[in-house]
Amino acid sequence: MTEGSIVGSFIVPVHPHTVLAPEQNEGWQRLRDAFDEAAQRIKDADADLLIIYSTTWPSIIGHQIQADPNPEWVMVDNDFHDLGSIPYSFNIDADFAHAWNEANEKRGLKSRTVNYTGFPIDVGSVVALKLLNPDNAIPAVIVSSNVYANRSETTVLAKSCLDVIKATGRKAVAITAMSLSNRMFTAPIDPKDDRIHSLKDDEWNRKILEFLGEGRMEDVGQLSRTIHKQIRVQKVVAFKPMWWLSGMNDNRNNLSGEVLAYEAIHGAGGAVVHLDPTPSGAGDKEYDEDDVEFYSGERNVLDAEEEQELIEEAKKPTSGGPELWEPTTGEHSVNSEAAPKPVGMYPHARKVGDLLYLSGVGPRQPGTNAIPGGPICDENGKALDYDIKAQTKAVVDNITRILEEAGGSIEDVLDVTSFLVDMDRDFSGYNEVWAETLGKVGPTRTTLAIRALPTPIAVEMKVIAKAPPTE
Amino acid sequence: MTQGEIVAGCLAPHPPHLVYAENPPQNEPVAEGGWEQLRWGYERLRDSLKDVEYDAIVLLSPHWQTYVGTHFLGLPNFKSLSVDPVFPNLFRYHYDLNIDVDLTSKIHDKAAEAGLAVKMMENPDFRVDYGTITTGHMFNPAWDKPLVVISSNRSRDYYSVEVMQEMMIELGKVTREAILESGKKVVVIASNSLSHRHFTTESAIPEDMSKEHITSHAMHLWDMRMINYFRTGQAQRILDEMPEFTEQAIAESDGGGLSWLLSTLDTPSYPATLHGYGTIIGTGNAIVEWPERDHKEAKQ
Ligand SMILES: [Fe+2]
């Protein structure tokens, strides 16, 4: 027997419009045509197994694999029930389902098969199987999407599936039933008015499709978390199906990709994409997350640190932030009660020869730890409006305090490196305060844009000053 | 016409484990018991209402999840098999339930007038979610009262707890108005757990109570804090702390049920009765009753 392999992969949209009402909107019809084209390609590839990872089948206890050889029922969508019903009768490869389940357990995953009359097969799987396998000619398996699973667990799920494909000599097609951007309109719309919910969602979708069109599967996988933050409603943990699909393709980045259609379904991004395993000759990996072979046991539902934080918050809701340290003391250290506590093991300043090197100074207030001008985001990372001038002024005040504690003054500053988290927004306000304060002292200055600082502040300065004379 | 009345409001969670453990004839899997504290809590709730007359049950379940507005079951009867997609090993239940379409339409229409996005669900093939079935069974196993079933609009996922709550408070207000205008006596039920962090493993025997406990101390603290507010008539505080509670306890109040219930009860300042509390695969569940019939002065 020759070793089995993936003969093709597809990404398909989940909503029932392509089955029940393609004629109501030109875009839905184009998606439907793309589904039909994909079905033809699957036939032409001589595939003998369809494997569906569906984002509309959530699970809690590990992953579930459909193992009813002939599940039959009538599916009605939770939201789009007025479009009609989809009766189904599918051809499931129960042997493969059981083998995959065992392979999952061997690789440390929690997993179970389900075989129950009337089990509600989810809308994404129903749509995919109805349209990609219209005459049930090819047996299929369906796997759930675990709500708590992260990348390693989802990747290992793919590897155990590949174990079985290889061992059984199957020519398998891997399918993810998913939306790209998944924000829908929150009220009914006229079908002819359908469009992607926002320009931002559309831009991200096109970026993802550009990558997929170039066959850069693993790049999209490794961008999953970012994509999830940008264009996904935050209910599920991450943009998981791309981890699974990349795993199913050996985490390769040089597949041959083709976007067969991209359209809106009630505001969400729906695409039919074909990824052929033929190497495209392009695409080195741009990212380098760990490769995982085995899943090492139970997820910590809450790790100890997170647990302790939650207990504190349950007792009294309060703002978070990194742990504060006492400044370290050493022969040449200079520390100030009047400066905010460090966020790591370092002193406020250190004197070497004639020079005084200050650790990065931010705007946090000593004692209260408050941020003048307000934090840049709340505890959940939600962006807040803040006053860069007030923050910059507070930084200069903190520098002044540290220098005075050391017996000097702000006049001693020689060189400053400033870090801004948002150069476009904040440079002019920062520059204005600078001109009124340190600008008058006259140190050299370098200003850099950086991605983040350890506390929710927008500006920090690294200072070298003249050391005050030792008495 | 006489003015309608809310005789009671209830928090009545829906883990299918409770139905499984009870072995009713409608459910296929068989258990050796389990979760007695909660099942007896439901018994006390049923007992408390056994001599109270009412015409209908208005219920909001977090497992009919809709993203395009709030939906209502809109046909007189639904009969089918409900299989829990997450715990199909525990819950395969044959249901046959009646809908009070008249009261449903009144709530629907008032919600639409108030500017909420709403839709009637009139597809006869639709399968009622297992949350509705579980709470429906545990609350009234005879199924002899018609229901109004309201979907859980996932506005929390789309926006925030705050926006979800604003919408649910509005929906609660129109639910109350519609009930009072209908001349009917009604029980309103929010079907949700409190803290909602699950274990991700299941013991060989699901009803093995030696494995059952809250997932973490923090979840326990939050649950007790909420229950204390229930018991001491501080509904406004619950609404005030809903964002922190929902986020930190990963609470199932994210589906809007609890906010809607308290609004429908006009933010009660009288104490509720705690009929039971227990955990199910680590999540916190309280069975609570607001006996509004005993507090008529509160709602004039
Ligand atoms: Fe639930």
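The chains referred to below are lettered A, B, ... by the order of the sequence lines, with proteins before strands, and numbering in each begins at 1. Being a predicted model, the structure only gives us computed values, none of them experimental.
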**Message:** So for Pro58(A), is it side chain, backbone, both, or neither that comes closer than 4.5 Å to the heavy atoms of chain B?
**Reply:** backbone
**Request:** Go through Met184(A), His81(A), Lys382(A) and name the one with the most non-hydrogen pairs under 4.5 angstrom from chain B.
**Result:** His81(A)
**Prompt:** What residue, out of Arg156(B), Arg127(B), Glu28(B), has the most heavy-atom pairs lying under 4.5 Å from chain A?
**Reply:** Arg127(B)
**Complete:** Bottom line for Ser80(B): the part with an atom under 4.5 Å from chain A's heavy atoms is side chain
**Asked** With only heavy atoms counted, which part of Asp82(A) is less than 4.5 Å from chain B, the side chain, the backbone, both or neither?
**Response** side chain
**Message:** Need one label for Phe87(B): side chain, backbone, both or neither, based on atoms under 4.5 Å from any heavy atom in chain A.
**Reply:** both
**Request:** Say whether, by atom type as modelled, one donor and one acceptor occur between the side chain of Thr135(B) and the main chain of Thr132(B) under 3.5 angstrom.
**Result:** no
**Asked** Using the ring of each side chain (for Trp, its six-membered ring), is Tyr93(B) parallel, tilted or perpendicular to Phe91(B), with breaks at 30° and 60°?
**Response** parallel
**Request:** State whether a side-chain donor-acceptor pair under 3.5 Å links Asp208(B) with Ser203(B).
**Result:** no
**Prompt:** Quick one: what part of Asn89(B) sits under 4.5 Å from any heavy atom of chain A, side chain, backbone, both or neither?
**Reply:** both
**Request:** Looking only at non-hydrogen atoms, find the nearest pair between Asn23(B) and Pro29(B) and report the distance.
**Result:** OD1-O, 3.8 Å
**Request:** Answer with side chain, backbone, both or neither: which region of Phe119(A) has an atom nearer than 4.5 Å to a non-hydrogen atom of chain B?
**Result:** both
**Message:** Can you tell me which of Asp84(B), Val83(B), Val68(B) forms the most heavy-atom pairs within a distance under 4.5 Å of chain A?
**Reply:** Val68(B)
**Prompt:** Considering only heavy atoms, which portion of Asp77(A) lies under 4.5 Å from any heavy atom of chain B: side chain, backbone, both, or neither?
**Reply:** backbone
**Request:** Find the one option among Lys119(B), Glu122(B), His220(B) whose heavy-atom pairs under 4.5 Å with chain A are most numerous.
**Result:** Lys119(B)
